[in-house]
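Okay, so here's the structure we're looking at.
These figures come from a predicted structure and were not determined experimentally.
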Amino acid sequence: MHLKIITHEKVVFDEDVDEIYTRGVDGEFGILPNHVPLMSALDIGVTKVVQGDQTKYFTTMGGVFQFKDNEAIILTTTAENGSDIDVTRAKEALARAKALLAERDANIDAKRAEAAMARALARLKATLNQ
Ligand code: ATP
């Protein structure tokens, strides 16, 4: 089966794969060849791709997953190959988000800080697995 991971800016991945594991808003799910057609809203998380004896990890930050006729498409806001992620930057983003959430200040946009924290955690998870 084939997988394309696309953002507004670029095609991040476009290759044949054997297995796909990703994170939908209702939880993680996996896709093997010949799966029935499926459409799911994606959460912020890590998408794992298996190609033979190789495994690759990508961050996928929301968007939509579509599978039909052995063609999978992930259309997402931001996606990065785990090997391209700047770990220091992700750790700094995580620390910033945690500090904001710890303030408990009414003026803080908690949802935004939580999303920033989820993005940073996904990035760190994707690099850990490289
Ligand atoms: P930061 O606060 O560090 O900017 P962010 O979560 O706000 O993180 P995004 O708005 O999700 O960043 O992404 C902006 C751009 O920066 C995107 O192109 C994204 O791929 C890239 N990017 C963000 N963090 C990293 C990282 N740790 N390593 C590599 N690229 C990153």
Side-chain angles (χ1 to χ4, degrees):
M1 58 184 179
H2 194 83
L3 171 66
K4 253 189 198 179
I5 302 177
I6 308 168
T7 71
H8 302 291
E9 276 148 25
K10 57 183 173 180
V11 177
V12 177
F13 184 79
D14 186 4
E15 292 180 25
D16 287 341
V17 301
D18 299 311
E19 300 166 37
I20 305 166
Y21 302 91
T22 192
R23 189 183 173 90
V25 288
D26 297 323
E28 298 195 350
F29 62 89
I31 297 283
L32 297 174
N34 303 317
H35 196 287
V36 292
L38 175 83
M39 176 92 91
S40 172
L42 291 178
D43 202 351
I44 293 171
V46 175
T47 295
K48 174 177 157 182
V49 173
V50 179
Q51 293 173 299
D53 56 5
Q54 256 204 321
T55 305
K56 293 177 182 166
Y57 297 87
F58 299 87
T59 53
T60 39
M61 313 298 201
V64 70
F65 176 91
Q66 187 189 53
F67 186 82
K68 192 171 185 267
D69 298 333
N70 281 333
E71 293 282 342
I73 298 176
I74 290 177
L75 188 58
T76 182
T77 316
T78 310
E80 294 120 11
N81 189 325
S83 57
D84 294 336
I85 288 168
D86 177 341
V87 175
T88 307
R89 179 173 166 181
K91 282 186 178 164
E92 284 169 1
L94 179 61
R96 270 198 312 276
K98 276 188 176 167
L100 273 176
L101 287 169
E103 276 182 34
R104 296 178 179 277
D105 183 326
N107 292 322
I108 284 174
D109 185 341
K111 280 233 173 318
R112 196 170 148 189
E114 278 164 13
M117 188 158 96
R119 288 196 301 276
L121 286 171
R123 286 181 174 122
L124 292 173
K125 192 174 167 199
T127 54
L128 273 184
N129 286 314
Q130 285 308 302

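- For the side-chain contact (heavy atoms from CB on, under 4.5 Å) criterion with Ile74, the lone passing option out of Thr7, Leu42, Val12 is Leu42.
- A heavy-atom distance below 4.5 Å is found between the side chains of Leu101 and Glu114.
- Side-chain contact between Ile31 and Phe65 is present, with heavy atoms from C-beta onward closer than 4.5 Å.
- Minimum interatomic distance between Ile20 and Ala72 (heavy atoms only, all atoms of both residues): CD1-CB, 3.6 Å.
- Side-chain contact check for Asn81 versus Phe13: every heavy-atom pair is 4.5 Å or farther apart.
- Minimum interatomic distance between Ala113 and Ala97 (heavy atoms only, all atoms of both residues): O-CB, 3.6 Å.
- For the atom pair OH (Tyr21) and OG1 (Thr55), the distance works out to 9.0 Å, reported to the nearest 0.5 Å.
- How far CG of Asp18 is from CE of Met1: 7.0 Å, rounded to the nearest 0.5 Å.
- The minimum heavy-atom distance linking Val46 with Ala126 is given by the pair CG2-N, 4.0 Å.
- Residues passing the salt bridge (charged side-chain N to carboxylate O under 4.0 Å, His left out) test with Glu15, sequence neighbours excluded: Lys56.
- In the hydrophobic clustering, Ile44 connects to Met61, either directly or through intervening members, whenever side-chain heavy atoms lie under 4.5 Å apart.
- Remark: Asp84 pairs with no residue by the side chain to side chain donor-acceptor pair (under 3.5 Å) rule, at least two apart or across chains.
- Every residue two or more places apart in sequence or in another chain that forms a salt bridge (charged side-chain N to carboxylate O under 4.0 Å, His left out) with Arg23 is listed here: Glu28, Asp43.
- Between the CG atom in Asp14 and the NZ atom in Lys4 there is a gap of 5.0 Å [rounded to 0.5 Å].
- Here Ile6 is tied into one hydrophobic group with Met39, Val64, Ile73, Leu75, each link being a pair of ILVMFWY side chains closer than 4.5 Å.
- Here the CZ atom belonging to Phe58 is positioned 5.0 Å from the CD1 atom belonging to Ile5, to the nearest 0.5 angstrom.
- Put simply, CG on Leu121 and NZ on Lys91 are 12.0 Å apart, with the number rounded to the nearest 0.5 Å.
- Val25 forms part of no hydrophobic cluster, judged by ILVMFWY side-chain heavy-atom separations under 4.5 Å.
- For the side-chain contact (heavy atoms from CB on, under 4.5 Å) test with Arg123, the passing option among Asp86, Leu94, Leu128, Thr78 is Thr78; the others fail.
- To the nearest 0.5 Å, atom OG1 of residue Thr22 and atom CG of residue Leu3 are 9.0 Å apart.
- Closest non-hydrogen pair, Ala120 versus Ala90, comes out as CB-O, 3.5 Å.
- Surrounding CG of Asp26 are at most 12 heavy atoms belonging to other residues, nucleotides or ligands under 6.0 Å away.
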